[in-house]
Amino acid sequence: MQKLNAESLLAGYLEQDIELRRLETQYRNSLLEQQKTAAEQSFSLQLATGTMSVQNINDTVRFKIEPSLTASIPIYNGLDVSVTVPYTTDGTQNNVADVTASVTAGILGSEHISRNVTLLKTERAVLEAKRAFENQSKTAEKEFYQNLVTLYQAAAQVMSAKDDLFEDELAMQTVKTRGYTVTSTTYRTAELDVQTSTQAVTEAIQTYNQLYVLFLTKCGIQPVLPENTELAPLPDSIPADITRQIHKFMEHLIQEDFVSIENALWNRYIGSLERKIDTDFALGASGGFTWKNEDTADLNTADIGLTFSWHGITAKAGVSIPVSTDKNTPSPVFTLSAAWIPNTTKIKAIEKKQKTLDAELEELDIKDAEQMYSETITAIQQTVLNLEHQKKTNDELYLLRKDLRAEIQKRFALGMVSELEYRQAETNETTAKLQCLTTDANIIITFIELQLLFVSDKAA
């Protein structure tokens, strides 16, 4: 029969885990999404033909086009640089006028905060995808040991059923020794007990074999079952001394690394930034140059503009100043526009109250997470103490039953005890060993559960 090793089985189990591979793919995709967002938020360039028109005037075809080039640099307060070159031709005369070059940027506003929030959310998405991938590896390992515990327990059920069978067989031997006839009630009762116990052993072995085949298949191994009533082998040892690692891990715990607290702190941080995006006041400015400005008799002009918004009021003001040494130069052209949405003030007041409540909820989430942390740590500490006590008890019981089995084996060799008594001693030793392995696996499961409660990395 194949000898199984827990570490190699675990490696195969992780390799077969489809969810682990899916989360790894999602993590790689989140990295690409982060690169795309960074590119979108750093620099963009747009080339456009503008509106093209064709007109027939007195059998003369007039063609006009307004190509433009726009560069956006969000990192500098939403800085936009644009150049537009209107061009008109009728086949004989070409005209270029109203050529503009301008620069627009925010002076006071939330463009930089909005950009920062976008980048932070993308970074967070990468971090969470990475954590999900890494945590799935731990979760799969936990499931592996949970399946192993189920198998150990199923094997213990087989041992228990065999122990009952041994007792019934011993009772049957006693009945025969005392001379009860085959037709007597005592004999028939003892015989029925043996048959019932035999059936119970068979059913327990069938259950065990089903679990065994499923488990090894998940580990990527073709299972081989024994032809007799013996159990297919299980790992007879798993990583020990995990309790020492648990204590060392708990000695260095940081409350802020508790998953629920870390998430609550992140939500408060990003929430506070998002609440700053929708500001009550914003101010922007623009500057540029227009060649052959039609508004100033085809003179070149320097253009300056301001934009303003506050509580539903928006206003724009601009001036185009002719650039010329001619005394007859036209005066500057001033432009002004304004708009007002009366309901905005009321809406802003409501939103301000909502922001206050959102902030309060975020603080309550942090307090709730801190309380959960205290309760969880207390529960885990008690669980670890119970498992340590259980391990100590099981190890001692196993050594006692191992020594007892060795003693009975010697006495069996001398003919002082029956084969059934010796087989029962072997079964008791095996059961005690299974209990030790089950406890060791449960300790590993507890350690994994503890690790999953904390983040293993920090956001940048």
Side-chain angles (χ1 to χ4, degrees), residues 1-11 13 138 141-167 204-205 207-208 211-212 215 219 230-251 377-412 417 420-452:
M1 292 297 293
Q2 59 202 124
K3 183 174 177 59
L4 302 179
N5 176 273
E7 285 79 3
S8 60
L9 285 177
L10 175 59
Y13 192 93
K138 293 186 177 72
E141 182 179 359
K142 173 186 171 182
E143 292 172 354
F144 169 83
Y145 282 107
Q146 286 174 329
N147 289 330
L148 199 54
V149 165
T150 300
L151 268 175
Y152 285 142
Q153 291 173 340
Q157 287 293 327
V158 174
M159 294 298 107
S160 177
K162 284 186 175 183
D163 189 52
D164 292 340
L165 176 59
F166 294 152
E167 291 181 358
I205 290 176
T207 300
Y208 173 83
L211 294 171
Y212 184 84
F215 177 67
C219 295
E230 294 299 319
L231 291 180
L234 284 172
D236 56 6
S237 65
I238 56 180
D241 201 26
I242 301 298
T243 52
R244 186 189 300 272
Q245 296 183 41
I246 293 177
H247 287 301
K248 184 177 180 180
F249 185 86
M250 296 187 73
E251 286 175 0
I377 294 303
T378 300
I380 288 179
Q381 288 174 336
Q382 187 59 50
T383 299
V384 172
L385 288 175
N386 293 340
L387 287 171
E388 285 179 326
H389 175 72
Q390 186 178 345
K391 177 176 174 57
K392 182 174 180 296
T393 302
N394 288 341
D395 289 347
E396 292 174 352
L397 179 61
Y398 170 66
L399 292 177
L400 288 173
R401 289 190 171 179
K402 182 180 180 181
D403 292 340
L404 181 60
R405 190 269 311 156
E407 179 63 26
I408 292 178
Q409 184 177 12
K410 292 178 183 178
R411 297 174 67 182
F412 172 66
V417 297
L420 286 176
E421 289 176 303
Y422 170 61
R423 287 165 58 191
Q424 190 173 35
E426 279 187 321
T427 300
N428 290 337
E429 180 189 3
T430 302
T431 300
K433 177 64 174 178
L434 289 170
Q435 289 173 340
C436 290
L437 292 170
T438 298
T439 301
D440 288 341
N442 280 329
I443 291 174
I444 294 176
I445 291 170
T446 299
F447 186 33
I448 294 173
E449 290 175 341
L450 176 61
Q451 290 175 306
L452 289 173

Residue pairs passing the side chain to side chain donor-acceptor pair (under 3.5 Å) test where at least one lies in residues 423-437, sequence neighbours excluded: D163-Q424, R405-E429, Y422-E426
Summary of side chain to side chain donor-acceptor pair (under 3.5 Å) pairs that have at least one residue in residues 144-154, sequence neighbours excluded: Y13-N147
In Å, rounded to the nearest 0.5 Å, how long is the span from [atom1] of [X] to [atom2] of [Y]?
X	Y	atom1	atom2	result
L399	C436	CG	SG	7.5 Å
N394	L437	CG	CG	10.0 Å
K142	T446	NZ	OG1	9.0 Å
D164	F166	CG	CZ	10.5 Å
L434	D236	CG	CG	10.5 Å
I238	L10	CD1	CG	11.0 Å

Can you name the closest pair of heavy atoms from [X] and [Y] and give their distance?
X	Y	result
P233	L4	O-CD1, 3.2 Å
A6	S237	CB-O, 3.8 Å
L151	L234	CD1-CD2, 3.6 Å
L211	A154	CD1-CB, 3.8 Å
A441	V149	CB-CG2, 3.4 Å

Is any side-chain heavy atom of [Y] closer than 4.5 Å to one of [X]?
X	Y	value
E7	P235	no
E449	T383	no
Q451	F249	yes
T243	L387	no
L231	Y212	no
T207	Q157	no

K138, NZ atom: more than 12 neighbouring heavy atoms under 6.0 Å: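 Enclosed: over 12 neighbouring heavy atoms sit under 6.0 Å from NZ of K138.
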Qualifying residue for side chain to side chain donor-acceptor pair (under 3.5 Å) with N386, from Q390, Q382, H389: Q382
Steps toward side chain to side chain contact (heavy atoms under 4.5 Å, CB included) verdict (I448, I444): CA-CA 6 Å; I448 294 173; I444 294 176; 4.0 Å; yes
Expected output: side-chain S160 to main-chain A156 donor-acceptor under 3.5 Å: no
Sequence-distant partners of Y398, ring-ring contact (aromatic ring centres under 6.0 Å, His included), two or more places apart: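 Here no residue qualifies.
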